[in-house]
Q: 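To start, I am sharing the structure in question, which I have written as structure tokens.
Order of appearance sets the numbers: ligands from 1, and atoms from 1 within every ligand. Bear in mind that the values here come from a model prediction, so they are computed numbers and not experimental data.
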Amino acid sequence: MTNSLITGWGKCLPPTVLTNHDLESLVDTNDEWITARTGIKERRISHVGTADLATVAGKRALAAAGLPPADVDLVSVATCTPDMLLPSAASLVQDALGATNAGAVDQNAACSGFLYSLIMASGMVDGGVIDTALVIGSERLTYLIDFTDRGTAVLFGDGAGAVVVQATDEPGGLKASELGSDGAVADILWAPGSGTGVNRMELEKDHRLQAIAMNGPEVFKRAVTAMGHSSTRVVKEAGWALEDVDLLIPHQANVRIIDATARRLKLDPAKVFVNIESYGNTSAATIPIALTEALEARRVKPGAKIVFAAFGAGLSWAAAAYEFGSRTEPLGESDAELPPTDGDVMRLLADNFAYYGGGPGS
Ligand code: UT7
């Protein structure tokens, strides 16, 4: 029987850094509070669009899999911040990659989007519908951040990560999964003026309708419950004992949510991958970036039993019990890079300040 496996991985982080100290000049906050309450020290601000970040991550993942773009059957981009609504970010990426034999689709389940896409692509490969998918999580989330709102300004960042999901004869792959949604509480994390449902006159009067708005403590409570429950359920459904789990790669939204999920799985901290201190919450991109860094740090052993878990706007959640393949080394490297930038973070954010308000010292 055909079996889907992750055979390539890659990430793309824009180089410009926004530190906690930088944020002290924008909102009433401080490094101690942000570090203690979230685990975040810095995040990246992109000088290019979501599709450009996705393209570089995608090229790196294809090189790691040793595949030419023409072998890809499906380009799937998980994002809630596409460059535009039409066409999809995936279509732009498909063209930029030269993936001339691929279909292309965006998937939006907010921060859970990459896991949704991974689970759906794995199912398509397992079912024989396609042989090879390039699954990317890519976000330019800071476009939707009002830097006068300290409840969101400190949390989010930009970036992309990608995996290649391929048909193989090797054992492993997706052993169990869960997808969930509770749309009844959608308004505790949303950007109500970011699509076509907003009256343009209202948006003109208050640009902040376009920005991400969040009831942090409510989201926090639900994240802890959904991540904990769904993770333990997929472990059980996969037929694993809790002690069989080698690595938890969770969505990176808040280190306290990650710790609570790990406690629910009774996991030693050495079995939990955390990189939130460097990038903050990059929504659909956190898990593929974290998986790539876990592989680079040799924390994914051949045949490793991995739990992925995510939670985000929707409210959506997803979890997967995933057995990694025997190859944990990349087959090749790509020389793809983003165009250069001068790294002036306040200059990059000037557009946000002009639109939503705020700015250094305001
Ligand atoms: O991908 C999924 C999407 N998002 C999430 O998962 C986020 C989930 N929520 C969270 O991570 C947390 O709720 C936050 C980090 C957003 C907030 O942390 P919290 O511990 O829930 O803080 P809080 O909102 O209950 O606020 C506690 C205090 C308040 O002050 P008082 O009323 O106790 O005097 C806030 O006004 O901290 C204050 N506060 C801040 N202080 C400094 C809130 N935000 C900040 C800030 N800097 N940025």
Q: Any protein N or O within less than 3.5 Å of an N or O in ligand 1? List each pair with its distance, or say none.
A:
| from | atom 1 | to | atom 2 | distance (Å) |
| --- | --- | --- | --- | --- |
| ligand 1 | 1 (O) | H251 | NE2 | 2.8 |
| ligand 1 | 1 (O) | N281 | ND2 | 2.9 |
| ligand 1 | 9 (N) | G216 | O | 3.1 |
| ligand 1 | 11 (O) | N254 | ND2 | 2.7 |
| ligand 1 | 13 (O) | G216 | O | 3.2 |
| ligand 1 | 13 (O) | P217 | N | 3.4 |
| ligand 1 | 20 (O) | R37 | NE | 3.1 |
| ligand 1 | 20 (O) | R37 | NH2 | 2.7 |
| ligand 1 | 20 (O) | R256 | NH2 | 3.0 |
| ligand 1 | 36 (O) | R150 | NH2 | 2.8 |
| ligand 1 | 37 (O) | W33 | NE1 | 3.2 |
| ligand 1 | 41 (N) | W33 | NE1 | 3.4 |
| ligand 1 | 41 (N) | R150 | NH1 | 3.4 |
| ligand 1 | 47 (N) | T29 | OG1 | 2.7 |
| ligand 1 | 48 (N) | T29 | OG1 | 3.3 |
| ligand 1 | 48 (N) | R150 | O | 3.1 |

Q: Are side-chain N/O atoms of T19 and K41 paired as donor and acceptor at under 3.5 Å?
A: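 Note: T19 and K41 side chains miss the donor-acceptor criterion.
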Q: Under a 3.5 Å threshold, yes or no: a donor from one side chain and an acceptor from the other, between Q166 and T132?
A: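 There is no such pair (donor and acceptor under 3.5 Å, judged by atom type) between the side chains of Q166 and T132.
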Q: Side-chain polar contacts of residues 237-249 - donor-acceptor pairs under 3.5 angstrom, sequence neighbours left out - could you list them?
A:
| from | atom 1 | to | atom 2 | distance (Å) |
| --- | --- | --- | --- | --- |
| D244 | OD2 | A241 | N | 2.8 |
| D246 | OD2 | K305 | N | 2.8 |

Q: Transitive ILVMFWY cluster of L92 at side-chain heavy atoms under 4.5 Å: who else is in it?
A: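 L92 shares its hydrophobic cluster with M84.
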Q: Which atom pairs, donor and acceptor, lie under 3.5 Å between side-chain atoms of residues 174-181 and protein residues at least two apart or in another chain?
A:
| from | atom 1 | to | atom 2 | distance (Å) |
| --- | --- | --- | --- | --- |
| E178 | OE1 | R233 | NE | 2.8 |
| E178 | OE2 | R233 | NH2 | 2.8 |
| E178 | OE2 | W317 | NE1 | 3.1 |

Q: Any luck finding a side-chain donor-acceptor pair between D106 and T79 under 3.5 Å?
A: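 No, because no side-chain N or O of D106 sits under 3.5 Å from a partner of the opposite role on T79.
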